[in-house]
Each structure stands twice: as C-alpha cells, then as structure tokens.
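Okay, structure first, notes after.
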Amino acid sequence: MIYKDQTLNMTEGSPTKLLIVFAIPMMIGNIFQQFYNLVDSIIVGQLVGADALAAIGATGSITFLFFALCNGIGSGGGIITSQYFGSGDTSQVKSCITNVAYIMIVFPLIVGITALFLNKPLLRLLQTPEEIFHDAYVYIQINVIGLLFVSIYNYISSMLRALGDSKTPLYFLIFSCILNTILDLIFVGLLHMSVAGAGYATVIAQFVSGALCIVYAIKKNPYFHLEKADFAINREIIIKAVRIGVPLSLQFSLIAISCMALQRVVNSFGAVAVAASTAISRIEQVIHQPYQTLSAALSTFTGQNYGAKKNQRIITGYRKSLLLMVIFSLIMLPIMQFFGAWITGLFVKDADVIAMGARALQISSYFYVFLGLIYVVRGVLNGVGDAFFALLNGIVEVIGRFVFPIALVQIPLLGVWGIWWAVGVVWFLSGFTAWLRYLWVKKHTILAGIESR
C-alpha cells in the first residue's frame with residue numbers, strides 16, 4: 001500500500017488487505033449515513049406512533065428515485081477520477097474535481113424543482129393510505145428541498161474515495177449523525193414537530209456534513225488545491241462522466257421505480273404492512289451497507305488498476321471480494337432468523353407490526369448471498385466503465401419487482417408474505433444476471449486488456 005497526501009494507491013500491494021483497509025472506514029461511514037433514516041424511524045416510531053413511521057416509509061421509494069438520478073451522475077464522475085488517478089494524470093484528476101462539481105450543482109437543482117411538483121401525484125399513484133398521506137407528503141417535500149445538500153456530500157465523498165481517501169468523509173459523517181440525533185430529539189421530542197421535525201433534522205445534518213467535508217478537503221488534500229486553469233470547462237471529462245453516469249442514474253432510477261411498484265403492493269395491505277415494511281427497509285438498509293461498501297471499494301480498486309492497466313489484479317480483487325461477501329452473508333443469516341423480532345421492536349411497539357417484520361426478515365435473509373453478488377459484480381463492472389451492465393441490472397430489477405410481488409401475493413398460502421419472497425426472487429435473478437455479465441466482460445475485455453476506452 002502506498003499512502004501519500006490523504007490518498008491511497010491501490011495498484012500495488014495485497015488486494016485483500018487494500019480492499020479491507022479501504023472498505024472499513026467507508027462501511028462505518030455508510031452505516032452512519034443510514035443512521036439518519038434509522039434515527040428518524042426509531043424516534044418517530046417510538047415517540048409519535050406507527051402511522052407516523054408508516055408515513056416516513058411510504059416516501060422511501062420516491063425519495064430514492066430522485067436521489068438516484070443525482071447520485072448516478074456523481075458516481076460516474078468518481079469512476080473517471082479513479083481511472084485518471086491510477087494512470088498518474090494529476091491535471092486530469094483536478095479537472096475532474098471541478099467539472100463533476102459543475103454537473104452536481106446544476107443537475108440536483110433541476111431534479112429537485114421537478115420533484116416538488118411530482119411528489120403528490122406519485123404518492124397518489126402508489127395508493128398511499130389516507131391516514132398517513134399528509135405526513136408522507138410533508139416529509140418528502142422537506143427531503144426533496146435538501147436534495148442539493150445530499151448531492152454535495154455524495155459528490156465530495158465520491159471524489160475523495162476515487163483518490164483512495166475513505167476516512168475523511170467518515171469523520172464528518174459521524175459528526176453529522178450525532179447532530180442529526182440531537183436535532184431529531186429536539187424537533188420531534190421537545191417541539192413535537194412529528195415527521196416534519198425529522199425531515200428538517202436530516203436536511204440540516206446533511207448540509208453540515210457536506211460543507212465541512214468540502215472545507216477539509218480543500219485545506220488538506222493536494223488534489224483540491226486548485227488553480228484557475230483547473231476550473232476550465234473540460235468537455236471530454238463532462239462527456240465521459242455523463243456517459244458512465246447516465247446509465248448508472250438509469251440503473252438506480254429503474255431500481256427506484258421497481259421499489260415504487262413494490263411499495264404500491266405493500267400499501268394495498270394497509271398501515272400495519274406499511275409500518276412493518278418501513279421497519280424492514282430501515283434494517284435492510286444497514287444490511288446493504290457492507291455489500292455496498294465492498295462494491296464501492298472494489299469499484300475504486302478496479303478503476304485505479306484499470307487506469308494502471310493491471311487487469312489481472314482486477315480479477316483477483318473480484319475473487320477476494322466474493323469470499324468476503326459470502327462470509328458476511330452466512331453470519332447475518334442466523335441473526336435474522338433468531339433475533340428479527342427484537343430488531344424490529346427497536347422501531348415500533350405495535351405487536352402486529354413486530355410479528356410481521358420478524359417473519360419478513362427471516363424470509364429475505366435466505367437470499368442475502370445473491371444480494372451480495374449483485375454488489376460485488378457491480379463494483380467491478382462500474383470500475384471498468386461498463387455502462388451496459390448498469391442499464392441491464394436496472395431493467396431486470398424493474399421487471400422482477402413489477403411481476404413477482406403482484407403474482408406471489410395472489411397465492412393463498414403466501415398472501416402478504418409474497419412481498420418478501422418476491423424481493424428474494426428478484427435478488428436471485430439480478431445476482432445471476434450480473435454474474436453472467438461479469439463472465440462475458442472477463443472473457444471479452446478484462447483478460448484481453450480493454451482497448452475501447
């Protein structure tokens with residue numbers, strides 16, 4: 001490993017050690033980032049009630065849609081940056097930092113303004129129960145207003161991680177999570193602002209996190225010591241970032257749309273199902289984090305080695321990541337089988353909600369290994385800039401989440417449990433499809449030395 005000036009060169013040294021060292025701070029950071037939603041859900045669920053918890057959960061898929069549109073573009077910029085960093089092209093790295101920033105300021109503003117007008121029709125389209133509709137609308141409007149702040153943090157994080165720095169975003173995220181918790185307790189607990197207070201707490205905390213991270217990066221990271229020439233518009237970088245980022249945005253957006261389709265099915269079973277689904281989604285967001293972190297670490301590892309033309313290290317990194325993923329999946333299986341009720345009980349006191357949540361966790365945990373496979377393959381293929389995979393993966397998830405939930409809940413023996421069996425089936429199909437795509441890319445591009453850049 002080569003550490004220098006707040007960066008990490010991942011083109012030399014043990015792939016396993018590099019991935020773990022890089023991933024651990026990022027995983028802690030991702031878990032803390034999910035802490036925003038967990039705190040909102042726990043405090044609202046315990047202090048306000050199950051309906052308020054359901055209102056927050058009913059907005060999740062819609063919020064994810066708009067955030068996904070922005071985050072995909074930012075991820076594309078991070079991939080390009082890591083490739084230039086791996087090739088040792090400092091001037092292009094600095095140009096990436098500024099030009100991706102331009103994209104990440106303009107694009108979220110456009111998406112955010114559009115979202116303000118679409119939120120109410122989308123909540124109606126998803127058949128959000130009337131008893132939670134008002135709170136859901138208030139919560140989502142507040143979160144959309146904060147879209148720019150979320151995008152700024154994700155932008156700066158993707159740039160730093162592309163340079164091998166997974167620690168700096170973590171430090172400020174921890175501070176921001178603590179701030180979010182304090183604000184939640186004040187707004188919801190003391191001022192009785194219900195879901196609106198939780199929304200304001202999240203937006204303020206995310207703004208602070210992004211702002212502090214940018215200030216620190218400018219002061220400490222040499223790649224952020226920018227000169228006038230670095231601010232020039234670089235059409236080549238913008239085109240590359242968009243070429244990779246747009247398919248990623250489409251992938252995330254298609255997944256978000258598929259989640260909206262699933263949410264519509266959940267809503268049809270009433271407020272108890274919505275509350276249980278909300279608790280489960282919050283829990284599984286935490287479960288996703290090790291997979292997502294490993295994927296992001298592998299993406300940076302792959303991007304840097306792709307830039308350095310060390311393709312065999314890409315394959316080695318993929319295999320080591322698979323092993324780490326399987327180990328984690330096997331650890332989580334018995335935890336969800338035996339402690340699901342206790343975990344769900346952290347979010348809500350309602351016995352019916354807890355019972356439904358516990359059973360749902362038991363069902364979905366059978367499929368964690370396939371969920372992990374999706375993330376591992378995504379890390380490799382995103383790192384080499386395989387735009388087609390992003391679109392393919394999104395299409396598979398959309399078709400699966402539209403078809404299987406509707407079909408499985410109609411089976412008398414399954415009923416409402418068909419929702420979570422459907423999620424598992426979608427993970428299986430997406431993981432299998434991703435694995436097939438990896439085999440194709442490995443045969444036709446990576447081992448041959450990718451020529452079409």
For the pair Phe301 and Lys320, evaluate side-chain contact (heavy atoms from CB on, under 4.5 Å) and give the outcome as yes or no after the intermediate values.
-> CA-CA 12 Å; Phe301 176 89; Lys320 300 297 184 182; over 6 Å; no
Within the structure provided, determine whether [X] and [Y] are in side-chain contact (heavy-atom separation under 4.5 Å).
| X | Y | value |
| --- | --- | --- |
| Leu361 | Ile283 | yes |
| Ile204 | Phe187 | yes |
| Val423 | Arg401 | yes |
| Tyr438 | Ile315 | yes |
| Leu160 | Cys213 | yes |
| Thr16 | Ile20 | yes |
| Tyr223 | Met159 | no |
| Ile24 | Val21 | no |

Taking all non-hydrogen atoms of both residues into account, name the closest pair between [X] and [Y] and its distance.
| X | Y | value |
| --- | --- | --- |
| Glu12 | Leu18 | O-CD1, 3.2 Å |
| Ala201 | Asp184 | CB-OD1, 3.6 Å |
| Ala355 | Trp417 | O-CH2, 4.5 Å |
| Ala308 | Gly86 | CB-O, 3.7 Å |
| Phe224 | Ile156 | CE2-CD1, 3.4 Å |
| Leu109 | Ile105 | CG-O, 3.3 Å |

Those residues at least two apart in sequence (or on a different chain) that pass side-chain hydrogen bond (donor to acceptor under 3.5 Å, both in side chains) with Ser329 are Tyr291
Return yes when atom [atom1] of [X] has more than 12 non-hydrogen atoms of other residues, nucleotides or ligands closer than 6.0 Å, and no otherwise.
| X | atom1 | result |
| --- | --- | --- |
| Trp435 | CH2 | no |
| Phe207 | CZ | no |
| Lys94 | NZ | yes |
| Tyr200 | OH | no |

Determine yes or no for a side-chain-to-main-chain donor-acceptor pair under 3.5 angstrom, with [X] supplying the side chain and [Y] the backbone.
| X | Y | value |
| --- | --- | --- |
| Asn99 | Ala232 | yes |
| Ser277 | Ala273 | no |
| Ser299 | Ser295 | no |
| Thr114 | Ile110 | yes |
| Thr81 | Cys96 | no |
| Gln362 | Gln337 | yes |
| Arg313 | Gly13 | yes |
| Tyr155 | Ile97 | yes |
| Ser95 | Ser91 | no |
| Ser82 | Ile79 | yes |

key: Working for side-chain contact (heavy atoms from CB on, under 4.5 Å), residues Tyr368 and Leu333   = CA-CA 8 Å; Tyr368 282 169; Leu333 179 60; 5.8 Å; no
- Check the pair Trp420, Ile280 against side-chain contact (heavy atoms from CB on, under 4.5 Å), reporting the backbone distance first and the verdict last. CA-CA 10 Å; Trp420 290 284; Ile280 297 308; 4.0 Å; yes
*Start with the C-alpha distance between Tyr84 and Ile237, add both sets of side-chain angles, then the distance that settles side-chain contact (heavy atoms from CB on, under 4.5 Å), and finish with yes or no.*
CA-CA 10 Å; Tyr84 283 126; Ile237 286 177; 4.3 Å; yes
Practice prompt. Give the C-alpha distance, both sets of side-chain angles, the deciding distance and a yes or no for side-chain hydrogen bond (donor to acceptor under 3.5 Å, both in side chains) between Thr63 and Asn143.
Written response: CA-CA 7 Å; Thr63 305; Asn143 274 274; 5.6 Å; no
Any chance you could measure [X], atom [atom1], to [Y], atom [atom2], to the nearest 0.5 Å?
| X | Y | atom1 | atom2 | answer |
| --- | --- | --- | --- | --- |
| Tyr306 | Thr11 | OH | OG1 | 15.5 Å |
| Gln92 | Asp230 | CD | CG | 10.0 Å |
| Gln312 | Thr316 | CD | OG1 | 5.0 Å |
| Phe370 | Leu429 | CZ | CG | 10.0 Å |
| Leu19 | Ser321 | CG | OG | 4.5 Å |
| Thr344 | Met336 | OG1 | CE | 8.5 Å |

Sequence neighbours excluded, the answer for side chain to side chain contact (heavy atoms under 4.5 Å, CB included) partners of Leu322 is Tyr318, Met325, Leu373, Val376
